[in-house]
Amino acid sequence: MRIDPSYTLHNVAGEHIVLIQDDKENKMLSLNPTAVFLWEQLKGKEFTLEEAAGLLTDNYEVGTEQATADAKKWTDELHALGIIR
Amino acid sequence: MTVRLTGEEGLEQTAGSGAFKPFLTEPRRCDATISLDTELPMAPFHTLHEFDFQTSARCSFGRDGNSFHFVMQNSDGRSLRLRHTIGGDVEVSRCTDRQMLHFALWMAFNLIGCPRGCLSIHSSCIVYRDGAILFLGESGTGKSTQSRLWHECHPEAMLLNDDGPFLAPCNGRYEVYGSPWSGKTPCYRNLHYPIHAIVRVVQAPFNRITVPSNLQKIGAILPSLPPALSRDHGMQSHMLSMVSRLIGEIPVLQLDCLPDAGAVEALHDKLFPS
């Protein structure tokens, strides 16, 4: 999977946001620091769930099980929004 | 921002109208030229956004390489084409529909202004105690009503613009400028002021002022800037930089309110505590 390059992460007034615009509506996605970290590390690359989880275990004090669950939640949410394909 | 307008028939329809006259200036160095009455040919472009103008014209905004394109097609067959080269000028095709031309010029000003941090903000704006208060909100939430109530409660409060004033940096800080685009209210004042506050108006069965989170402030301001432009990545970056700066410089408040004098006093007490 990979982050669709047509989406950009912006820092606006200290908030990390991604704008999602289609014909019907405009939405704004707000990312927390961990989600921002994953975005910055993985943008422009093809990656697997295991690689995303590995970034979390390497950089945060978190076990493999929890990291995999967190990474899956992140990829599932972005996938549902059409940002990760 | 100063632009040069050229074109005989188009000039008569625009610069000759009451909306533009207060903003005419002596010839001087200008940021761009808007050429009206051109024979701009049809050209293919990638559509970024489509919307209706006053239920009568279908609008299409898009880009082709270094050029932005804007096309308006009226139900009676009249059309208008506009092309803006990034960092350069604007050409507008000959158009006999005054309202379409008026709107196309709004689009042209925003296209030229956006990279300079100068954009229209959908709001009703009053001036009080040497500064401005901007009322934002979706159509029908009572922006103009709040402006009118302020004038009724504080007669020195003056309407600067009722629909589309412009924001632009002036001596390092954002100020609000009157413009030729004021919705249904003919209020065209060539004046600019520092800003006391940007106020998001929300209808409620009570009057209450709150300070929104930064995320909520972004959600209030961004949709009030020209929506079509945010469909382009480059323009979107300029707009978000501007929103970031506005939030850093200017108090942004939410006014849950009734259309009554109590709403005016609640906001007055917050902005000008005695």
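Chain letters run A, B, ... following the sequence lines, proteins first and then strands; every chain starts at 1.
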Residue pair A:V12 / B:L215, side-chain heavy-atom distance below 4.5 Å: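 Counting from C-beta outward, A:V12 and B:L215 never come under 4.5 Å.
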Residue selection (most heavy-atom pairs with chain A, distance under 4.5 Å) from B:V243, B:L240, B:L222: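 Among B:V243, B:L240, B:L222, the one with the most close pairs to chain A is B:L240.
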Close approach to chain A in residues 106-118 of chain B, criterion heavy atom under 4.5 Å: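 At a heavy-atom separation under 4.5 Å, chain A is reached by no residue of residues 106-118 of chain B.
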Exceeds 12 heavy-atom contacts within 6.0 angstrom, atom CD of B:Q73: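 Result for CD/B:Q73: enclosed.
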Between chain A and chain B, which donor-acceptor atom pairs come closer than 3.5 Å, counting both backbone and side-chain atoms?
residue	atom	partner	partner atom	Å
B:N214	ND2	A:A13	O	3.0
B:S230	OG	A:Q21	NE2	2.8
B:R231	NH1	A:D22	O	3.3
B:R231	NH2	A:D22	O	3.2
B:R231	NH2	A:N26	OD1	3.1
B:H233	NE2	A:S6	O	2.8
B:Q236	OE1	A:H10	NE2	3.0
B:S244	OG	A:A13	N	2.7

